[in-house]
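In what follows, chains carry the letters A, B, and so on, assigned in the order in which the sequence lines appear, proteins first and then strands, with residues in each chain numbered from 1. Please read these numbers as outputs of a predicted model, since none were measured by experiment.
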There are 2 protein chains.
Amino acid sequence: MGMIVKALKKGQTLQTEDGREILGPDASKGERTRVRILDEAAALASENGIGAVTLGPLADRLGMSKSGLFAHFKSKESLQVEVLVRSAERFTEVVIAPIRAEKDKPKRLAIFFRNWLDWIEHPGLGSGKGGCPILAAHFEYDDVPGPVRDQAAKHNGEFYEFIRRLVAVALPQADEYATAAAIDGLGLSHLLRVRLMGDEKARLHTLRAFEALQKNPPLKGA
Amino acid sequence: MGMIVKALKKGQTLQTEDGREILGPDASKGERTRVRILDEAAALASENGIGAVTLGPLADRLGMSKSGLFAHFKSKESLQVEVLVRSAERFTEVVIAPIRAEKDKPKRLAIFFRNWLDWIEHPGLGSGKGGCPILAAHFEYDDVPGPVRDQAAKHNGEFYEFIRRLVAVALPQADEYATAAAIDGLGLSHLLRVRLMGDEKARLHTLRAFEALQKNPPLKGA
DNA sequence: GAATAAAACGAACGGTCGTGCTATTAAATG
DNA sequence: CATTTAATAGCACGACCGTTCGTTTTATTC
């Protein structure tokens, strides 16, 4: 999920390499505004989808002019891409980073999964009051070629890889690919049950399925 | 392009690929056109999402005027809702109906799952060359209130129910809710792996996870 | 085939979209 | 402070959006 944000003129410092966003009080006003825009755009995207991140309404929410906002990005498309990047940073911070505290590998997997369910369920944990912008983008742009799709695909690939490695060390006997797919799927399905259907028992069922998966994962060389 | 049904003259019938849905020779021209619009709109939706079903381009594809097209629906929103309804019909025809031929319940579940994966993988099995419009709508509209969301939620609810019942008779010892969620998730995850990441081994991994799930599902009263 | 109803069209509307420009204001620098 | 540079605003553009309306073409009915 680490991605270097370029596109600055002189030797500026807005960087996001090690998950640590360096944006001190010494940052220029432009850089601060830029992040403010990105966060608000992520909130908007979370409610209505990346495709609905349009300049006018976004500028209104920020209390600034459309053109003043636009001057920060070379196109709307690049704004959308950067929203995804920023959302991924948030995701890493909230869901992934905290699990490092747990040293026991199987427990670490379980903690990750619960964190992820929290992220999915809880509006505002990430950004807006809607769902995860990146997940929405995955399905919104899965067949629409372009930079947004590419960025979404990149994140999805990295996320899947992340789960796979977690599984590999937590459940050594398991087919890590199949198991990762199953875990990924549980999250996706959970999102629909919670956000689309408002199923109160969603978490109960999802966790049951997860526990069964932990106990009896697809095995290697089956 | 190849999917576009040419203009029909009086007395011709309009039917889907396997000749199930018959719009008889006595159907008025308006009704026939209406279906033609819906099918083309579904194709468009499958490529770019329901939100991208706009009147101008849709009219172009159909070789008719925007206003002539619009006259068939009271609003764009209602057009979108009807696209979902029609797509659901297609889904039932292609994925669900054929499984009734298999009487053995566990086998029936397996056949359904494979049919579903086919539907997810295969562009054009349903409508356009993109992915399933309904699934896309689920994530596109999960936080956008309105008729489109309501329709999508309805379909998702029915689909989940369908899987649950299938599980209940195929795997009586299983927690049908948790198992249904897991199966649903496998399909969703599969879609991303295939359509977004182009993972060649996606089907292999998904099927492995499914078989493990069949063998060791989450159990009742766990 | 004439009469009537249905369907499709063309043009136009008010709106919003993304994106250039130029001017103005605020910040950074010496 | 004065000067330079970055940030924002204002305005206008062309394109496209959904929608309406009056007209014309095509189906259907007598």
Side-chain angles (χ1 to χ4, degrees), chain A residues 7-14 23-38 40-41 44-45 48-83 140 144 146-148, chain B residues 4-14 23-38 40-41 44-45 48-83 144 146-148:
Chain A
L8 286 181
K9 311 212 163 171
K10 301 233 166 172
Q12 310 295 41
T13 51
L14 178 65
L23 197 71
D26 52 334
S28 78
K29 174 143 192 265
E31 292 167 20
R32 274 176 278 127
T33 305
R34 194 189 167 81
V35 174
R36 206 163 60 91
I37 294 174
L38 250 23
E40 193 62 37
L44 223 173
N48 302 322
I50 288 278
V53 175
T54 68
L55 304 192
L58 180 54
D60 285 351
R61 282 167 77 136
L62 288 159
M64 66 188 297
S65 75
K66 212 166 51 146
S67 51
L69 188 162
F70 183 74
H72 286 267
F73 308 90
K74 61 182 238 304
S75 71
K76 183 202 166 190
E77 208 171 42
S78 79
L79 164 62
Q80 293 175 319
V81 169
E82 297 203 42
V83 166
E140 204 173 336
V144 187
V148 178
Chain B
I4 300 181
V5 182
K6 291 296 177 186
L8 295 171
K9 304 195 171 163
K10 175 192 168 186
Q12 281 188 288
T13 66
L14 181 64
L23 212 55
D26 50 337
S28 76
K29 172 140 192 269
E31 291 169 28
R32 276 177 276 132
T33 306
R34 193 190 167 81
V35 174
R36 204 163 61 92
I37 294 174
L38 251 22
E40 192 62 36
L44 222 174
N48 303 321
I50 288 277
V53 175
T54 69
L55 303 192
L58 179 55
D60 284 351
R61 279 184 172 220
L62 289 159
M64 66 187 297
S65 73
K66 214 169 45 150
S67 52
L69 188 162
F70 184 75
H72 286 266
F73 307 90
K74 62 181 238 304
S75 72
K76 182 201 165 190
E77 209 170 41
S78 79
L79 165 62
Q80 293 175 318
V81 169
E82 296 203 43
V83 165
V144 187
V148 179

Practice prompt. Ignoring backbone atoms, establish whether T33(B) has a side-chain N or O less than 4.0 Å from OP1 or OP2 of dA7(C).
Written response: no
Practice prompt. Choose from dG18(D), dT19(C), dC21(D) the nucleotide whose nearest atom is closest to any side-chain atom of S75(A).
Written response: dT19(C)
Discussion item. Taking side chain to side chain contact (heavy atoms under 4.5 Å, CB included) as the criterion, tell me which of H72(B), R61(B), R32(B) meets it with I37(B).
Written reply: H72(B)
Worksheet item: Taking the side chain of M64(B) as its heavy atoms from C-beta onward, which of dA8(C), dG18(D), dA7(C) lies nearest to it?
Response: dA8(C)
Worksheet item: Side chain of S67(A): nearest nucleotide among dG10(D), dA28(C), dT19(C)?
Response: dG10(D)
Fill in: Sugar-phosphate only, base, or nothing, as touched by A71(B) at under 4.0 Å among non-hydrogen atoms
nothing
Discussion item. Under 4.0 Å, heavy atoms only, any strand: does T54(B) hit a base, just the sugar-phosphate, or nothing?
Written reply: sugar-phosphate
Worksheet item: Just checking S65(B): base, sugar-phosphate only, or nothing, at a heavy-atom cut-off of under 4.0 Å?
Response: base
Item to complete: For L55(B) and dT20(D), give me the distance from atom CG to atom P, rounded to whole Å.
Response: 11 Å
Worksheet item: For the side chain of E40(B) and the backbone of L58(B), is there at least one donor-acceptor N/O pair under 3.5 Å apart?
Response: no
Worksheet item: Below 4.0 angstrom from OP1 or OP2 of dA6(D), is there any side-chain N or O of H72(A)?
Response: no
Response to the item:
Among dC21(D), dG20(C), dG18(D), the one nearest any side-chain atom of F70(A) is dG20(C)
Worksheet item: What about K66(A), does its side chain sit under 3.5 Å from the base of dG18(C) through a donor-acceptor pair?
Response: yes
Worksheet item: Counting just side-chain N and O atoms, does K29(B) come under 4.0 Å of either OP1 or OP2 of dA7(C)?
Response: no
